[in-house]
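Worksheet for the structure shown next.
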Amino acid sequence: MKRQYIILPLLCICMAMAAQDAGKQAASDTVANTHNHAADTADVFFRHLKLNEVTVTGVTGETKLRHSTTPVSVVSGRELRSAAAGNVIDAIARKPGMDQLTTGSAISKPIIRGLGYNRVVVVSEGVRQEGQQWGDEHGVEVDGGSVGSVEILKGPASLMYGSDAMAGVVILHPQPLLAEGEIRANVATEYHTNNGLWGYSLQLGGNQRGFVWDARWSGKMAHAYRNKYDGYVPGSQSREMAGRLMMGLQKQWGHSLLTWTCYHQTPGIVEGERDQLTGELTHAETWKGTSYGKWLPYQQVKHYKLVWDNSLNLPHGWLKAVFGYQQNRRMEFEEEHHHEHEDEHEDEHGDEHEHEHWHEADEHEHGADEPALFFRLHTVTYDLRYLTDEVSGWKFTAGVQGMWQQSQNLGVEFLIPAYRLFDIGAYATFSKQMDRWTLNGGLRYDRRWLHGDALEDDGMLRFSDFCRRFGGVTGSVGAVWNVSDHTNLRLNVARGFRAPNMSELGSNGAHHGALRYEAGNQLLKPEYSLQADLGLDYTSRYVSAQLALFANRIDNYIFLKGEGREIGGHPVYGYTQGDARLLGFEAGVDFHPIHSLHFENTFSYVDARQLHQTETAMYLPYTPAPRWTAELKWELLHHRHPTLGSHSHHTHRAAGPSVDNLYVAADLECYLRQGHVYAELGTETPTPAYTLLNISAGTDITWAGKKVAELYVTADNLLNSAYQNHLSRLKYADINSATGRRGVFGIGRNVVFKLVIPISVCSGL
């Protein structure tokens, strides 16, 4: 298998070089604008060339993708709408180098090149999303319907985003502003057959004489998912509601936009407890698997955000000022909190206790119960930057950004201390554009103050009072060589910095959502990384290929380690650190022998090791398994296809209902065995390989040549395979005594239907 990891990227390069000769004439034709077939949306070659011109967020502000020195993946709005996903992270997790840590079907956390949690910054509405992201079962509190496109920056991005951007950044862009004079509405709905997920999203936006606005309301509800080994999985149900309101001015002098969002989610907590005799999940027989109600234990998450985004055009550049306020409320309702005095009578009155449990869960539907854990987090972020216009190929950027936080404990149980945080960073970057070369780089300094409050619980000291200060210098330098209009070579070296978070420093309590007791370490040092990236991408008429290699050295890498003991029935995990190195690559080859058919293959691999350790402790825990994906996709056009014939025939077809941008696709997701595990004291175990088969189809429905709807149908895990992702915490739940299998398995076969209806109320003048 190791030989394959080396052979595959070499094969990609060889195929790209071989295709170069075959595509020379095609390349010259394209440069001369003599492309011999229509440059429509199904033309893969045309689409890859256009992608190079996409404007993305780079280290020096906005830049074209072909001039970005760091690896960036772009996910369009159409890709997001067509994805069979329960949330926005789920929709992008199949991109090369991306993975996700999931809990049930509602919660997903982004993992970039084997690193996640507080090493990945998620940017939404122009500010970093802050919502207790240190927890396994803490997702990203963003409505996927409000996201217009996504950029994934892979590699240290501390230069522009400060501490925590060590692995990369996921930028969730809102829907673009409409053109002058336009008013548009949008209605979307979806249904998932496996967990009965039903969702909707309603949106209305406009632009009248520079006054812009956008309003959206979305909702989702899902019962428990099921698979062939566990049946319905108690605790995997969820509810979600979200709203967004944006208004402001967009004028020649710039823009000033005020955006308010709210996000409410009520996900269940999958504990995976089993009956020791039957092996069934606890309460599986009496639990209503298709119920959309709340059943203990569960979380209740409320996230509110207010963002003021300003951009002022100046004579030789522009000034940006973005201010944000966020409030995150995370509550956890547990069975133990309701029955803390009944455990000793459980055996004697088992049936009665079970009845009371569900009765009290139903009572909470009417707000009768109080949360066990309750975190309330206030965050204020600020970002001031000045960007110059390009002069003789040079561009400069300078800025100051940071945040203030206050976290409170309002529940009766405690996991992390209440704390206060202040963070500030200053940076400067440059970019130089030459004929075929782009050079950029910059420096940054960050300073963070963190103060944890003392707390006594039942007369015992739960948390001690402490204060830590962290500082770090980060930087980046890189170059892109546009070898030709179809070949780009990239090299970048970056230093990253991350201060320990409060969970790592001060945890001392049972983390029920993660099935463990967590112990912090106040002596932890900040992490520093040094990463080198080398990338090559090539596009011809018949073959497109990409290769991205990376090598990352992290000093003082922080991770959870099993301690081989229990507290209150929970295995104890403590935070420790050591030096680490990560090596890996993402490779992709897309064959498109004709403009409407393509066969795309990607492979992602990360080898993450801790230096100077024994055999059982040499691998970093929770490293994604190697993954190969293959997709065969046939894209069709009808009334715009160049072979339609005469103009009169075209008019006749456009006069009634028709379809456009029709496609059908089949893809495989192959996760190889992950045997590189941190095995010391049972911290983690190997995960076997598995393969998922998915099929999908989609089309635009038109009437009289105008699009009236988008329709997508996807069948995920078509063969109903039973599997456990290596990053899933649920694989460490109780053993099924009847089958000998440990843990809870992933979602089974799931057919997803999506319908999007755009409505043009008023067209631009």
Side-chain angles (χ1 to χ4, degrees), residues 103-104 135-138 230 233-236 268-284 287 295-299 331-354 356-358 360-361 369-374 409 411-416 455 457-463 503 506-520 560-575 621 678 680-685 728-738 740-744:
T103 301
D136 283 16
E137 77 289 13
H138 300 173
D230 301 311
V233 177
S236 59
I269 297 177
V270 182
E271 294 186 313
E273 296 180 349
R274 296 184 182 272
D275 186 287
Q276 295 301 313
L277 296 178
T278 66
E280 294 288 334
L281 288 167
T282 303
H283 307 301
W287 187 72
W295 301 85
L296 294 170
Y298 66 90
Q299 296 184 77
M331 293 165 278
E332 187 173 302
F333 298 86
E334 303 167 2
E335 180 182 358
E336 289 83 353
H337 178 50
H338 295 272
H339 299 288
E340 58 186 357
H341 302 298
E342 299 180 8
D343 293 343
E344 59 192 66
H345 305 292
E346 183 175 358
D347 294 335
E348 182 179 355
H349 304 287
D351 294 340
E352 179 182 352
H353 175 71
E354 182 178 347
E356 290 177 358
H357 167 60
W358 301 124
E360 294 200 29
D369 300 326
E370 296 296 329
L373 285 172
F374 188 173
N409 280 321
V412 297
E413 294 184 3
F414 309 99
L415 177 57
I416 66 172
L455 175 70
D457 183 18
D458 290 334
M460 299 182 62
L461 184 65
R462 170 72 65 131
F463 305 120
S503 174
S507 289
N508 185 19
H511 194 173
H512 297 282
L515 307 178
R516 60 182 176 239
Y517 190 102
E518 296 181 0
L560 271 173
K561 169 185 174 182
E563 296 185 356
R565 60 190 180 97
E566 291 187 354
I567 295 180
H570 297 281
V572 177
Y573 283 70
Y575 284 97
Y678 189 91
E680 191 170 276
L681 297 175
T683 297
E684 64 174 348
T685 59
S728 173
R729 66 175 182 83
L730 301 182
K731 70 189 288 282
Y732 300 103
D734 284 355
I735 295 176
N736 186 330
S737 57
R741 300 186 185 97
R742 182 178 183 181
V744 176

Exercise. Going through the checks in order, is the side chain to side chain contact (heavy atoms under 4.5 Å, CB included) test met by Arg274 and Ile735?
Worked result: CA-CA 7 Å; Arg274 296 184 182 272; Ile735 295 176; over 6 Å; no
Problem set entry | His138 vs Gln299, side chain to side chain contact (heavy atoms under 4.5 Å, CB included): CA-CA, chis, key distance, verdict | CA-CA 10 Å; His138 300 173; Gln299 296 184 77; 3.9 Å; yes
Problem set entry | Derivation of the side chain to side chain contact (heavy atoms under 4.5 Å, CB included) call for Asn409 and Phe374 | CA-CA 6 Å; Asn409 280 321; Phe374 188 173; over 6 Å; no
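Shortest non-hydrogen contact noted between Glu273 and Asp734 is CA-OD2, 3.4 Å. Contact record, Tyr573 with Gly562: CD2-N, 3.6 Å, taken as the closest heavy-atom pair. When all heavy atoms of His570 and Ala510 are compared, the pair lying nearest together is CD2-CB, 3.8 Å.
Between the OG atom in Ser507 and the CG atom in Leu560 there is a gap of 8.0 Å [rounded to 0.5 Å]. Taken to the nearest 0.5 Å, the CZ atom of Phe414 stands 5.0 Å off from the CG atom of Asp457.
Scanning for side-chain contact (heavy atoms from CB on, under 4.5 Å) contacts around Leu681 gives an empty result, with sequence neighbours left out. Taking Lys561 as the reference, Glu680 meet the salt bridge (Lys or Arg N to Asp or Glu O under 4.0 Å) condition, with sequence neighbours excluded. In terms of the side-chain contact (heavy atoms from CB on, under 4.5 Å) criterion, residue partners of Ala733 (sequence neighbours excluded) are, by chain and number, Leu515, Val744. For Arg741, there are no salt bridge (Lys or Arg N to Asp or Glu O under 4.0 Å) partners at least two apart in sequence or on another chain. In this view, Asn508 and Arg462, Phe463, Tyr517 satisfy the side-chain contact (heavy atoms from CB on, under 4.5 Å) rule, not counting sequence neighbours. For the salt bridge (Lys or Arg N to Asp or Glu O under 4.0 Å) test, no residue two or more places apart in sequence or in another chain qualifies with Glu566.
When side chains are defined from C-beta on, Glu518 does not count as touching Ile416, because their heavy atoms never get closer than 4.5 Å. For the pair Ile269/Phe333, no side-chain contact is recorded, criterion being any heavy-atom separation below 4.5 Å from C-beta on.
Formation of a donor-acceptor pair under 3.5 Å by the Glu332 side chain with backbone atoms of Ala372 is not found in this model. A donor-acceptor distance shorter than 3.5 angstrom exists from the side chain of Arg742 to the backbone of Tyr732, with no hydrogens or angles considered.
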